[in-house]
**Student:** 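Quick one: this structure, given as structure tokens, is what I'll be asking you about.
Note on naming: letters A, B, ... go to the chains in the order of the sequence lines (proteins, then strands), and numbering restarts at 1 for each one.
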Number of protein chains: 2
Amino acid sequence: MSKESRATLKDVARASGVSTATVSFVLNDTPGQTIPETTRDRVREAARDLGYTPHRLARALREGSSRVVLLKLGDLRPGHSLDGFVTGMRHELWRHDYTLVVHPGGADRAALAELVATLAPRAVVDLARPYQGDVGDGETEGSDGGWTDGLAAHTMTQLTYLAERGHANVAFAVPGEAAAGGLAALRLRYAREAWSAVGAGDLHRVSVATGSASTADALRNLRGMHPEVSAVAAFDDEAAFRVLAAMADLDLSAPGDLAVIGFDDGPYGALWRPSLTSVHIDGEGFGRQAARAALGIEPQEPAAPTSVVVQRGST
Amino acid sequence: MSKESRATLKDVARASGVSTATVSFVLNDTPGQTIPETTRDRVREAARDLGYTPHRLARALREGSSRVVLLKLGDLRPGHSLDGFVTGMRHELWRHDYTLVVHPGGADRAALAELVATLAPRAVVDLARPYQGDVGDGETEGSDGGWTDGLAAHTMTQLTYLAERGHANVAFAVPGEAAAGGLAALRLRYAREAWSAVGAGDLHRVSVATGSASTADALRNLRGMHPEVSAVAAFDDEAAFRVLAAMADLDLSAPGDLAVIGFDDGPYGALWRPSLTSVHIDGEGFGRQAARAALGIEPQEPAAPTSVVVQRGST
DNA sequence: AGTGTCCACTTATTCGATTTAGTGATGCTC
DNA sequence: GAGCATCACTAAATCGAATAAGTGGACACT
């Protein structure tokens with residue numbers, strides 16, 4: 001393992017008295033090759049003794065791509081179910097002898113191209129892709145294992161909760177800045193669809209910006225025009241916090257004046273005052289699916305991973 | 001650029017009427033090689049026309065390691081100056097024709113080993129290393145470009161602010177859970193050193209845990225034993241939020257009853273009520289230094305990148 | 001006896017770039 | 001005009017593994 005000299009195929013071949021080809025056949029279980037068990041054992045033992053590990057770069061050069069899957073996160077911020085997604089994906093890939101490389105970078109196209117060129121990954125999974133209209137350069141691409149479909153289901157979870165608690169007219173809070181971009185539009189669309197299925201009244205849209213003053217304005221405006229709105233479903237926990245902060249400025253309190261529910265249960269929800277009810281998403285299951293999709297393997301667990309509401313003080 | 005056939009060195013050689021060796025010499029500006037400008041131009045033009053890009057895997061195989069630097073984040077959570085650090089590091093590496101790969105994983109040794117084996121990076125920078133006693137396997141390692149030294153300076157910034165605002169006796173809030181581990185101990189040590197240099201009175205330690213009840217207990221306890229404490233400096237913003245949450249439970253308000261200052265200015269500080277004063281750190285400068293250190297280049301900017309206090313409502 | 005079929009392997013090529021060790025031609029010096 | 005250096009290159013080895021195409025021997029079948 002140390003620096004001075006790692007064992008190569010050739011070393012193993014020499015040690016076991018066969019050619020490198022035979023060693024390769026044995027270690028890779030290459031089909032269509034007739035090699036007696038005794039020889040196989042000899043080779044495998046030699047490999048073990050020498051601590052042989054295939055040189056991934058050499059293999060990748062020969063095979064045309066390395067056993068790496070690149071995950072591009074885009075603008076998605078962590079602290080979300082994303083962590084679980086990554087963990088799940090890493091695990092499933094590992095089971096198939098692949099490695100996950102995560103690229104957090106957002107819009108920087110050049111950095112991604114660099115990375116793709118350097119790693120020559122087997123597949124690139126872009127979680128942000130579904131939210132952008134354009135398809136990019138059409139390079140190596142991969143499915144997201146149902147992440148987007150899941151989004152619709154989780155949005156449904158969020159709004160069903162409000163409907164069941166007796167709220168008829170609600171608002172959906174989307175971040176004001178462009179960063180959230182297509183994702184916000186998508187979530188809003190899903191929210192509308194969900195509400196028309198489970199809700200009794202209307203679903204309005206509030207934009208919550210970074211400056212708390214403008215959010216307070218938006219909120220006051222909403223309550224002026226639609227006093228019947230009794231709950232807010234937020235794009236994510238941060239958007240929910242903005243709503244709560246603006247409410248504090250307006251001397252409103254949750255859940256009395258307005259119930260607030262976040263999305264994707266971040267670490268701060270339990271700390272806020274009032275503590276924030278949110279939707280907790282099982283990212284790991286999706287991560288595993290995404291891994292299988294990237295490698296072109298059949299999906300394994302047809303039971304769709306689910307989301308649940310974590311109830312706290314804000315509703 | 002598309003899939004069917006990328007140009008290789010050989011193609012460029014054929015197109016410009018020289019051997020692959022010459023092409024390589026020209027494109028890499030190999031020193032000690034006498035090649036007339038006319039030939040060089042011919043080669044470069046052919047390379048441009050064919051859209052030649054060196055195959056990184058092949059190059060890495062030959063050179064023994066790929067032009068990649070692996071950054072291991074350990075337990076450090078984003079939303080901190082860490083983002084800037086990564087950006088700065090990526091940029092500086094890019095200038096030297098290197099690529100940054102970020103490994104967010106925490107304790108998972110196997111995953112890191114996988115990654116190192118797969119990428120064969122030129123260097124591994126482990127930001128968590130300085131906080132752990134052990135030195136690991138002693139594989140490829142790299143300095144952190146003064147990140148740890150900076151920590152001492154930033155802690156000084158945090159405590160100097162409190163001293164200048166007239167606080168004599170303060171407490172330092174560290175997270176209760178093991179996750180923060182060595183980093184918390186390090187910060188505390190730096191805080192003690194800082195306070196003995198700039199503070200008038202004592203520096204106490206409060207442990208803030210995940211459950212808000214226990215944090216409230218700790219806080220009540222502290223105020224019982226040391227009623228003269230007038231300010232809390234927190235390990236990070238999250239620890240500060242825990243203090244603020246516990247204060248709310250105890251019917252105390254900041255900054256009246258207790259001033260609170262966070263560390264590493266996260267995105268939620270401005271949203272909290274009261275909004276949180278924090279220390280903003282210039283991560284990019286450190287990232288650039290770390291990049292240069294990893295490549296073994298002389299540091300460029302001797303002027304140490306600095307930290308500043310962002311003042312908000314909690315102090 | 002000749003042909004064919006497995007078996008158990010090996011040889012040699014390939015992936016694409018880097019680099020060492022040349023080689024033929026020219027010019028310069030003594 | 002012999003000796004030597006310099007120029008402008010090239011041939012071939014190398015990195016480590018994967019694999020297509022053999023190769024010699026044992027055995028069966030007709």
**Student:** Does a side-chain N-to-carboxylate-O contact under 4.0 Å join E92(B) and R95(B)?
**Tutor:** yes

**Student:** Are T118(B) and R67(A) close enough that some pair of their side-chain heavy atoms sits under 4.5 Å apart?
**Tutor:** no

**Student:** Whole Å only: how far is the CD atom of Q33(A) from the P atom of dA8(C)?
**Tutor:** 11 Å

**Student:** Mark yes or no for whether D11(B), through its side chain, and T8(B), through its backbone, hold a donor-acceptor pair below 3.5 Å.
**Tutor:** yes

**Student:** Can you tell me if the side-chain N/O atoms of T8(B) get under 4.0 Å from OP1 or OP2 in dC15(C)?
**Tutor:** no

**Student:** Do the side chains of E114(A) and R56(B) get close enough for a salt bridge, i.e. N-O under 4.0 angstrom?
**Tutor:** yes

**Student:** With nearest nucleotides of DNA chain C determined for T30(B) and L57(B) from heavy-atom distances, which residue corresponds to the more 5′ nucleotide?
**Tutor:** L57(B)

**Student:** With heavy atoms under 4.0 Å as the rule, sort R59(A) into base, sugar-phosphate or nothing.
**Tutor:** sugar-phosphate

**Student:** Contact list please: residues 20-28 of chain B against DNA chain D, heavy atoms, distance less than 4.0 Å, in numerical order.
**Tutor:** A21(B), T22(B), F25(B)

**Student:** Main chain of S65(A), side chain of R122(A): is a donor-acceptor contact present, judged purely on distance under 3.5 Å?
**Tutor:** no

**Student:** State, with a plain yes or no, whether a side-chain heavy atom of K72(B) is found less than 4.5 Å away from one of L115(B).
**Tutor:** no

**Student:** Given 3.5 Å as the limit, does a donor-acceptor pair link the side chain of R42(A) with the main chain of S16(A), or not?
**Tutor:** yes

**Student:** Rounded to whole Å, how long is the line connecting atom CD1 of I35(A) with atom P of dC6(C)?
**Tutor:** 18 Å

**Student:** Reading DNA chain D from 5' onward, which residue's closest nucleotide shows up sooner: A58(B) or P36(B)?
**Tutor:** P36(B)

**Student:** The side chain of L61(B) is closest to which nucleotide in this list: dG16(C), dT14(C), dC9(C)?
**Tutor:** dG16(C)

**Student:** Please tell me if the side chains of T22(B) and I35(B) come closer than 4.5 Å, counting only heavy atoms from C-beta onward.
**Tutor:** yes

**Student:** L9(A) has an atom CG; how far is it from atom P of dT10(C), in whole Å?
**Tutor:** 13 Å

**Student:** Applying a 4.0 Å non-hydrogen cut-off, can you work out what T39(B) is touching in the nucleic acid: base, sugar-phosphate, or nothing?
**Tutor:** sugar-phosphate

**Student:** Between D41(A) and R48(A), is the closest basic N to carboxylate O distance under 4.0 Å?
**Tutor:** no

**Student:** Rounded to whole Å, how long is the line connecting atom CD of E63(B) with atom P of dG16(C)?
**Tutor:** 17 Å

**Student:** Chain B on DNA chain D: first and last contacting nucleotide, 5' to 3', under 4.0 Å to a heavy atom?
**Tutor:** dC7(D) to dG16(D)

